[in-house]
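Below, read A as the first sequence line, B as the second, and so on, with proteins coming before strands; counting in each chain starts at 1.
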Protein chains: 2
Amino acid sequence: MRPTIADVAREAGVSKTAVSFAFNTPQRLSPDTAARIRDVAETLGYRPHPVARMLTQRRTMAVGILTPQALSVIFSNPFFGAFSEGCALAAEESGYALQFISPVHGSLVRAIGRATVDGVVAIGLQDDHPEVEQIRRAGVPMVMVDSSVMAGMSSIDVDDEAGARSAAEHLVQLGHREFLVLGVEPPPPATGLSPDGVTGRRLRGYRSALARAGISLGDDRVLVGPASVLGGSIAFERAWEDGLRPTAVMAMSDAMAVGAMRAIGDRGLGVPDDVSVVGFDDIDLAPHTNPPLTTVHQPTRQKGEEAVRLLLSLPIRPEQGEPIHRQLATHLVVRGSTARAPQSRLEVAVAMD
Amino acid sequence: MRPTIADVAREAGVSKTAVSFAFNTPQRLSPDTAARIRDVAETLGYRPHPVARMLTQRRTMAVGILTPQALSVIFSNPFFGAFSEGCALAAEESGYALQFISPVHGSLVRAIGRATVDGVVAIGLQDDHPEVEQIRRAGVPMVMVDSSVMAGMSSIDVDDEAGARSAAEHLVQLGHREFLVLGVEPPPPATGLSPDGVTGRRLRGYRSALARAGISLGDDRVLVGPASVLGGSIAFERAWEDGLRPTAVMAMSDAMAVGAMRAIGDRGLGVPDDVSVVGFDDIDLAPHTNPPLTTVHQPTRQKGEEAVRLLLSLPIRPEQGEPIHRQLATHLVVRGSTARAPQSRLEVAVAMD
DNA sequence: TACATTGCCTAAACCGGTTTGCTAAACCGG
DNA sequence: CCGGTTTAGCAAACCGGTTTAGGCAATGTA
């Protein structure tokens with residue numbers, strides 16, 4: 001049986017209070033009493049029970065990272081890894097632990113109900129997510145990342161639209177006219193593509209750059225899928241089977257971009273000679289893909305860091321104080337996966353055989 | 001103020017017990033009483049306090065993943081991402097949450113002391129880690145992953161030695177004689193390289209294959225560094241500056257292998273024409289690096305899954321029952337980063353200019 | 001009619017700590 | 001030697017739930 005504070009008190013011949021003091025405010029005890037209590041505790045192998053501590057102190061010293069997707073889906077997404085790293089950095093430097101909150105049996109509300117955290121960083125939650133309102137009512141301080149701006153909630157974002165625009169401009173300048181967009185699919189409970197979500201914002205960026213060049217991007221040229229290598233290659237395959245023959249692919253995640261490159265290669269085409277590909281995120285491995293990936297850089301780690309820092313600076317009572325919104329910059333990084341558009345569609349067709 | 005069970009009880013005109021029943025064992029209440037209590041709770045916005053619940057039920061429904069490294073270091077390691085994914089899969093299917101436990105101010109014991117988990121999966125803990133004994137005494141059920149076998153502790157491992165051996169054999173068959181090993185550095189508190197740790201086991205594998213070919217691998221040809229792209233390139237640079245001119249690099253992590261390939265490229269050499277590189281792990285992106293990485297595959301996700309499953313099947317009292325050890329297989333995956341050794345050392349020297 | 005059973009609900013103890021309010025002894029200057 | 005201040009430590013209340021051990025009617029049984 002794990003020893004409790006009462007065991008230590010009995011063994012040391014003092015009150016529970018004294019034992020508590022010995023650990024938390026030793027200066028309220030005579031030095032030798034404190035030392036004796038610590039000794040007894042040590043030999044008994046006593047450690048204050050963290051849960052009991054949380055209950056009385058009314059804080060957990062943990063921040064939660066809430067995602068609408070199952071953890072088993074997102075952990076190997078390098079973007080999420082980098083984001084978590086940033087969160088961890090800021091949390092650790094303030095002595096906070098990190099807890100991941102993901103849907104329990106599909107319910108985020110239930111998950112948040114059983115989470116023992118002092119605050120929550122929510123990433124990728126769509127505003128039309130049916131549970132946001134309930135989550136907000138939970139009364140936990142919260143920072144939204146990569147969501148649409150919500151009333152009363154602080155947020156951290158990046159300039160998705162500008163980033164996407166620069167990607168599309170780059171391709172337009174290279175002479176491309178036939179585009180395919182691979183979007184990140186919102187998790188199940190969402191009904192569709194919110195124009196204010198990340199996917200919507202990036203799409204707007206792509207479209208505005210293309211429009212300026214007189215190109216209109218039909219909805220049939222926008223495919224969505226999970227943000228993974230597999231998701232990217234499946235989406236490209238589907239587009240191909242639908243008869244689309246793009247010379248340029250704009251993926252909203254580097255993982256999808258890599259998947260697209262693979263699918264393109266499987267079709268016997270070359271990147272960037274036959275098809276150009278540009279990603280989004282600029283993950284650590286982007287410079288080392290084959291070919292090196294042209295992509296929109298976003299400060300992913302910094303995003304995590306700032307989110308947690310902002311969260312920890314928030315007042316305890318969420319109602320108080322104005323929400324703070326912060327937007328970080330993005331920029332295009334040109335590497336080897338983009339090149340001039342092939343001379344004619346014919347060439348592409350020939351290359352296919 | 002967050003409503004408590006007492007508030008609901010008062011409002012509904014029943015006892016706290018009744019409210020508790022309404023949520024946990026409604027069949028002990030008349031249907032309409034239960035319904036009325038739930039209604040009141042709903043309008044008050046009551047949710048049972050998770051910490052209080054943990055305290056009375058003596059369980060947290062969470063499993064901890066313990067790493068000797070700071071989270072801000074490992075989250076963007078794709079290997080760890082995949083491992084976590086496996087853990088998350090097994091945890092989620094049993095309704096458990098996942099918590100990450102990393103050193104607090106350098107102390108793992110302190111970290112484990114404040115962790116509210118029902119069990120721990122410890123990954124990469126060296127047996128000579130000064131705190132293992134204390135951790136064990138914490139009395140939490142625990143499964144060790146990628147550690148040396150410890151008395152009384154269940155464990156999940158992969159066949160590191162065989163994997164490493166197959167990598168070295170492959171290179172020997174390609175005619176290589178000059179090797180460089182890039183090892184994974186154990187985290188700070190460890191004193192040195194334990195022969196029983198992962199690094200030690202893999203090293204043994206490399207050496208045994210080389211020895212069979214009459215090649216001895218001196219300690220000066222084994223460099224260690226952090227398991228990251230940067231760690232790999234720095235380690236290779238150091239070796240090069242020390243005058244080493246290997247034709248084959250064996251890295252104990254894919255991230256390091258990628259870093260080495262980059263450093264090799266920076267020196268004006270080509271992979272695999274001038275230098276062959278083989279990694280370890282087979283991360284998702286390994287097929288998509290430039291060139292595609294030859295590497296030792298290990299079932300990383302499965303390792304996480306099995307670790308959590310084993311943990312959850314363990315008896316509550318750690319002393320009871322025989323510890324279970326399980327070893328998963330590894331195998332070499334040959335891709336494009338390895339080739340026949342260059343004809344002579346001279347060629348390499350020429351290529352340098 | 002007396003007695004056991006069942007259904008519904010409660011008071012109080014408990015989980016393992018922290019915090020508040022207080023007391024008794026030691027200490028202090030005058 | 002006295003009143004006032006520290007110092008050292010304690011008992012009890014508290015955090016917010018769950019669980020145990022009944023209590024009280026209504027129902028079933030002899």
CD1 of A:I5 versus C1' of D:dC14: gap in Å, rounded?
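Going from CD1 in A:I5 over to C1' in D:dC14 covers 14 Å.
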Distance in angstrom units between A:F23 CZ and C:dT18 C1', rounded:
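The answer, rounded to whole Å, is 14 Å.
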Using nucleotides 4-11 of chain D, report all nitrogen or oxygen pairs with the protein that are shorter than 3.5 Å.
{"from": "D:dG9", "atom 1": "OP1", "to": "A:T33", "atom 2": "OG1", "distance (Å)": "2.8"}
{"from": "D:dG9", "atom 1": "OP2", "to": "A:S30", "atom 2": "N", "distance (Å)": "3.1"}
{"from": "D:dG9", "atom 1": "OP2", "to": "A:T33", "atom 2": "OG1", "distance (Å)": "3.2"}
{"from": "D:dC10", "atom 1": "OP2", "to": "A:S15", "atom 2": "N", "distance (Å)": "2.9"}
{"from": "D:dC10", "atom 1": "OP2", "to": "A:S15", "atom 2": "OG", "distance (Å)": "3.0"}
{"from": "D:dA11", "atom 1": "N6", "to": "A:T17", "atom 2": "OG1", "distance (Å)": "2.7"}

What I'd like to find out is whether the side chain of [X] reaches to under 4.5 Å of the side chain of [Y], using heavy atoms alone.
{"X": "B:V109", "Y": "A:R47", "result": "yes"}
{"X": "B:F100", "Y": "A:S84", "result": "no"}
{"X": "A:K16", "Y": "A:V19", "result": "no"}
{"X": "B:T116", "Y": "A:T60", "result": "no"}
{"X": "A:L328", "Y": "A:D157", "result": "no"}
{"X": "B:F79", "Y": "B:K303", "result": "yes"}

In a check of side-chain contact (heavy atoms from CB on, under 4.5 Å) between B:F83 and each of B:T67, B:V121, B:N77, which one passes?
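The residue from B:T67, B:V121, B:N77 that satisfies side-chain contact (heavy atoms from CB on, under 4.5 Å) with B:F83 turns out to be B:V121.
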Sidechain-backbone polar pair: [X] side chain, [Y] backbone, donor-acceptor under 3.5 Å:
{"X": "A:R59", "Y": "A:D118", "answer": "no"}
{"X": "A:E305", "Y": "A:L89", "answer": "no"}
{"X": "A:S94", "Y": "A:Y96", "answer": "no"}

For DNA chain D, the residues among residues 37-62 of chain B that have a non-hydrogen atom under 4.0 Å from it
B:Y46, B:R47, B:P48, B:H49, B:A52, B:R53, B:L55, B:T56
With a 4.0 Å heavy-atom cut-off, tell me which residues in residues 112-120 of chain A come close to DNA chain D, sorted by residue number.
none
Can you tell whether the side chains of A:D7 and A:R10 come within less than 4.0 Å, N to carboxylate O?
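Counted as a salt bridge, because a side-chain N and a carboxylate O are separated by less than 4.0 Å.
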Residues two or more places apart in sequence or in another chain: which of them pass salt bridge (charged side-chain N to carboxylate O under 4.0 Å, His left out) with A:E11?
none
Which dot-bracket notation, 5' to 3', represents the base pairing of DNA chain C when pairs are defined as Watson-Crick or G-U with both distances under 3.5 Å, crossing pairs as [ ], and inter-strand pairs as |?
||||||||||||||||||||||||||||||
Scan the side chains in residues 20-29 of chain B for donor-acceptor partners under 3.5 Å anywhere in the protein, sequence neighbours excluded, and list what turns up.
{"from": "B:S20", "atom 1": "OG", "to": "B:N24", "atom 2": "ND2", "distance (Å)": "3.3"}
{"from": "B:N24", "atom 1": "OD1", "to": "B:R53", "atom 2": "NH2", "distance (Å)": "2.9"}
{"from": "B:N24", "atom 1": "ND2", "to": "B:S20", "atom 2": "O", "distance (Å)": "3.1"}

